[in-house]
Amino acid sequence: QDAVSLLDETKNHFLLGQQEAARRSALVHESDDDELLEGVAATIIYRAPRWFHLRYKSMLDNALVNLPNNKRWKIQVFLNEQWAQEQLLPWHPGLERLFTSDPRIIVTPLSANLTKGKPKEVLQSAWFWQSVAAEKVLVFSGNGSFCGNGIGGVRKLVESRLLWCTVESF
């Protein structure tokens, strides 16, 4: 019964992600406590071999630790909802708990037409850029990690004004 309630909670979290994506129409977005959402670290969790799934929890934990520790930066996870529910989350309860319990993580199901291609096609789609929860987007993946050991670490990177440009500037 606990597994059923956890699955229901996860489905509700996915629905909240869909609702959050639907209400994003302005360039400035608000977080739950009405503060401006400054940015998101976005990642795409796509179909991958099972051994690669083991990276996802560590990858998200690493991002949470290294992003500014405030409610103005969140992690937005884009994923194939059906694949995640059938093949990913049943094998990784820690990842499922992270999705449902951490308010700094936004889970956004991919548009159905983007679930069959490659992750780079998601990044190239207008849908992706319309669905991100903030104007500043730091894209990351499981093929690397954030290093908080440098002077200022990732916090210094996300506070920099030189790295950001708008979609219109392309």
Side-chain angles (χ1 to χ4, degrees), residues 10 13-32 35-48 52-53 55-81 83-84 88-89 92 95-96 98-148 153-170:
T10 302
H13 196 68
F14 283 121
L15 291 174
L16 289 175
Q18 286 177 319
Q19 290 169 352
E20 187 159 341
R23 84 176 151 118
R24 285 185 228 101
S25 59
L27 290 178
V28 177
H29 305 284
E30 296 180 354
S31 65
D32 295 335
E35 289 184 44
L36 295 178
L37 187 55
E38 186 177 333
V40 292
T43 190
I44 302 165
I45 294 183
Y46 221 65
R47 297 177 312 273
F52 197 85
H53 300 177
R55 294 182 182 192
Y56 293 143
K57 172 85 167 64
S58 297
M59 175 181 82
L60 295 173
D61 285 338
N62 176 261
L64 284 169
V65 167
N66 283 291
L67 286 174
N69 190 15
N70 61 43
K71 295 179 181 179
R72 297 180 63 198
W73 271 88
K74 293 187 178 189
I75 295 175
Q76 188 168 6
V77 178
F78 292 86
L79 50 70
N80 177 334
E81 183 178 14
W83 170 81
L88 177 66
L89 298 177
H92 302 286
L95 187 60
E96 187 170 20
L98 189 63
F99 284 172
T100 59
S101 66
D102 195 311
R104 292 182 63 202
I105 295 184
I106 301 166
V107 178
T108 305
L110 285 170
S111 172
N113 64 324
L114 295 173
T115 61
K116 305 251 188 277
K118 296 184 178 188
K120 71 178 183 180
E121 293 169 1
V122 175
L123 291 173
Q124 294 170 339
S125 72
W127 177 89
F128 176 82
W129 297 103
Q130 292 166 356
S131 298
V132 291
E135 188 173 343
K136 288 185 181 179
V137 182
L138 175 64
V139 177
F140 70 103
S141 73
N143 291 327
S145 63
F146 295 105
C147 178
V154 178
R155 287 173 182 82
K156 190 73 170 174
L157 174 72
V158 299
E159 291 169 0
S160 171
R161 291 182 161 208
L162 301 176
L163 295 174
W164 309 109
C165 61
T166 62
V167 175
E168 292 82 22
S169 65
F170 289 104

Lys118 meets the salt bridge (charged side-chain N to carboxylate O under 4.0 Å, His left out) criterion, sequence neighbours left out, with none

Sub-3.5 Å donor-acceptor pair from the side chain of [X] to the main-chain atoms of [Y], do we have one?
X	Y	result
Trp73	Leu64	no
Thr115	Ala112	yes
Gln76	Ala133	yes
Asn66	Asn62	yes

Looking at side-chain heavy atoms only, is the closest gap between [X] and [Y] below 4.5 Å?
X	Y	value
His92	Lys57	no
Ile106	Val77	no
Leu60	Phe140	yes

Should the pair Phe78 and Phe128 be assigned to parallel (<30°), tilted (30 to 60°) or perpendicular (>60°) ring geometry?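 Answer is tilted, since the angle falls between 30° and 60°.
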
Looking at every heavy atom in both Leu114 and Glu121, which two are closest together, and how far apart are they?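 Closest heavy-atom pair between Leu114 and Glu121: CD2-O, 4.3 Å.
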
Identify the heavy atoms of Thr43 and Ser141 that sit nearest to each other, and give their distance.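 Scanning both residues completely, I find the closest heavy atoms to be OG1-CA, 3.9 Å.
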
With side chain to side chain contact (heavy atoms under 4.5 Å, CB included) as the test, would you mind laying out the steps for Ile45 and Leu88 before giving the verdict? CA-CA 10 Å; Ile45 294 183; Leu88 177 66; 4.0 Å; yes

Sort out for me which residue in Leu95, Leu98, Asp61 forms a side chain to side chain contact (heavy atoms under 4.5 Å, CB included) with Tyr56.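 Result for side chain to side chain contact (heavy atoms under 4.5 Å, CB included) with Tyr56: Leu95.
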
